[in-house]
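Remarks on the structure that follows.
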Amino acid sequence: MAESGTDTDDRPELRRSGRALSSRLSEQLAVTALLRALARLTALAFLVVAVLAQLPFWHPEVLFFLLLAVFTLLGEARAYLAHFGPFIGLVVVYDSFRAIADDLSGNVHVHEMIKVDEWLFGGTLPTVWLQSHLWDGQVSWFDYYFYLLYILHFPMPAALALYLWRRRPALYRPFVAGLVVLSFSAFLTYAAFPAAPPWMASEQGDIAPVARIAGDVWASLGVHGYGSIYDRISPNPVAAIPSLHAAYPTLFLLFMGRCFGWRRVWWLGFYPISVWVGIVYFAEHYVIDLILGALYAAAAYKVTMLLFARLRRRRSREPSGGATRQEAATG
């Protein structure tokens with residue numbers, strides 16, 4: 001009976017302890033809910049400011065925070081930072097490295113690309129030929145089309161990375177690895193072989209006069225001072241070989257084919273082809289630049305897919321090897 005009485009005497013204390021614990025949990029949940037609400041309000045405010053201020057969404061740092069705001073509103077900020085943050089971080093690191101590549105070598109190459117393009121096209125420079133047939137000094141609808149694809153240089157790989165992360169996780173890491181291999185291989189090439197684009201060669205009088213049409217596109221939209229804008233978007237004007245504007249769409253297409261099968265995505269070939277035509281027409285690259293860019297992309301794709309296939313085979317053998325060793329030990 002004494003024990004029963006003791007149990008009865010302890011019940012109020014247990015109830016008080018339970019109420020205190022419940023109260024603390026409620027307070028913690030309330031604080032967590034408040035923090036989430038504040039984070040979502042901050043994310044929404046940032047998106048509104050980004051739209052009103054017309055922030056350049058194609059720049060990797062801006063893209064990172066735009067996506068962070070979107071995933072904060074969706075309640076998946078932690079998952080985004082853990083899985084997708086390193087991807088944008090690597091792109092930002094590469095973009096910073098690219099800006100110093102031209103400082104590592106003082107010899108800017110100008111004539112080699114001109115000679116190769118003239119040899120490929122029977123003495124005619126494709127940039128000069130395209131502008132003579134398509135450019136009349138006024139911005140046309142196809143100029144906007146080409147430039148839209150041009151400024152999607154970072155957003156398109158980011159969009160594919162997002163899709164692979166959420167829907168095809170087995171291809172997400174190979175894609176990120178391929179993009180990193182491609183980007184830093186290009187950086188090493190820029191450092192060893194800085195090359196002038198056609199517009200720069202034209203300004204120096206090495207080729208016939210060509211227009212830098214991207215500046216006219218901006219001017220038609222009421223934005224002037226393209227030179228300063230370009231310095232922020234592409235801080236290294238002699239990072240021409242290989243053309244990453246040609247390489248990224250090529251890598252994009254290769255992984256889309258891997259993801260869905262070529263019979264379903266063959267039509268997406270319009271994307272890299274349009275970019276290739278646009279960058280030559282805009283006097284941003286020679287044809288040899290984009291050929292090398294596409295080759296770099298194909299090589300990066302092949303290397304990363306082979307590497308990850310080997311890693312998968314090694315992992316598949318590890319359990320059987322471990323089981324065999326365990327059986328031998330117990331036997």
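The figures that follow rest on heavy atoms only: side chains count, while hydrogens, waters and symmetry mates do not.
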So, using side chain to side chain donor-acceptor pair (under 3.5 Å) as the criterion, who are the partners of Glu203 when residues are at least two apart? none

For Ser243 and Tyr296, which I'm curious about, is there any donor-acceptor pair between the side chains at under 3.5 Å? no

Could I get the full list of side-chain contact (heavy atoms from CB on, under 4.5 Å) partners for Ala201, not counting sequence neighbours? Val110, Ile114, Asp206, Ile207, Tyr286

Atom pairs and distances, side-chain donor-acceptor, residues 297-305, under 3.5 Å, sequence neighbours left out:
residue : atom : partner : partner atom : Å
Thr304  : OG1  : Ala300  : O            : 2.8
Thr304  : OG1  : Tyr301  : O            : 3.1

Got a sec, which pairs hit side-chain hydrogen bond (donor to acceptor under 3.5 Å, both in side chains) with one end in residues 115-135, sequence neighbours left out? none

Checking Phe175, Phe255, Phe260, Phe252 against Tyr163 for ring pair (Phe, Tyr, Trp, His ring centres under 6.0 Å), the one that qualifies is Phe260

Only counting residues at least two apart or in another chain, list the ones meeting side-chain contact (heavy atoms from CB on, under 4.5 Å) with Val176. Phe87, Leu90, Tyr172, Val180

Which atom names give the shortest non-hydrogen contact between Met256 and Leu160, and what distance separates them? SD-CD1, 3.6 Å

Among residues two or more places apart or on two chains, list those pairs meeting salt bridge (charged side-chain N to carboxylate O under 4.0 Å, His left out) that have a residue in residues 148-177. Glu76-Arg166

With sequence neighbours excluded, what pairs up with Phe308 under the ring pair (Phe, Tyr, Trp, His ring centres under 6.0 Å) test? none

Which is it for Tyr248 and Phe154 under the side chain to side chain contact (heavy atoms under 4.5 Å, CB included) test, yes or no, and what are the steps along the way? CA-CA 8 Å; Tyr248 280 7; Phe154 285 121; 4.1 Å; yes

Centroid separation Tyr147 to Tyr150 less than 6.0 Å: yes

Which residues pass the ring pair (Phe, Tyr, Trp, His ring centres under 6.0 Å) test with Tyr144, not counting sequence neighbours? none

Leu290 vs His285, test: side chain to side chain contact (heavy atoms under 4.5 Å, CB included). Steps then yes/no. CA-CA 7 Å; Leu290 65 90; His285 286 282; 5.6 Å; no

Leu164 side chain reached by Cys259 side chain, heavy atoms, under 4.5 Å: yes

How would you list, by chain and number, every residue that makes a side-chain contact (heavy atoms from CB on, under 4.5 Å) with Leu134, sequence neighbours excluded? Leu130, Phe142, Tyr281

Residues two or more places apart in sequence or in another chain: which of them pass side chain to side chain donor-acceptor pair (under 3.5 Å) with Ser185? none

Show which side-chain atoms of residues 262-277 pair as donor or acceptor with protein atoms under 3.5 Å away, not counting sequence neighbours.
residue : atom : partner : partner atom : Å
Trp267  : NE1  : Arg264  : O            : 2.9
Ser274  : OG   : Tyr145  : OH           : 2.6
Ser274  : OG   : Phe270  : O            : 2.6
Trp276  : NE1  : Ala246  : O            : 3.4
Trp276  : NE1  : Pro272  : O            : 3.4

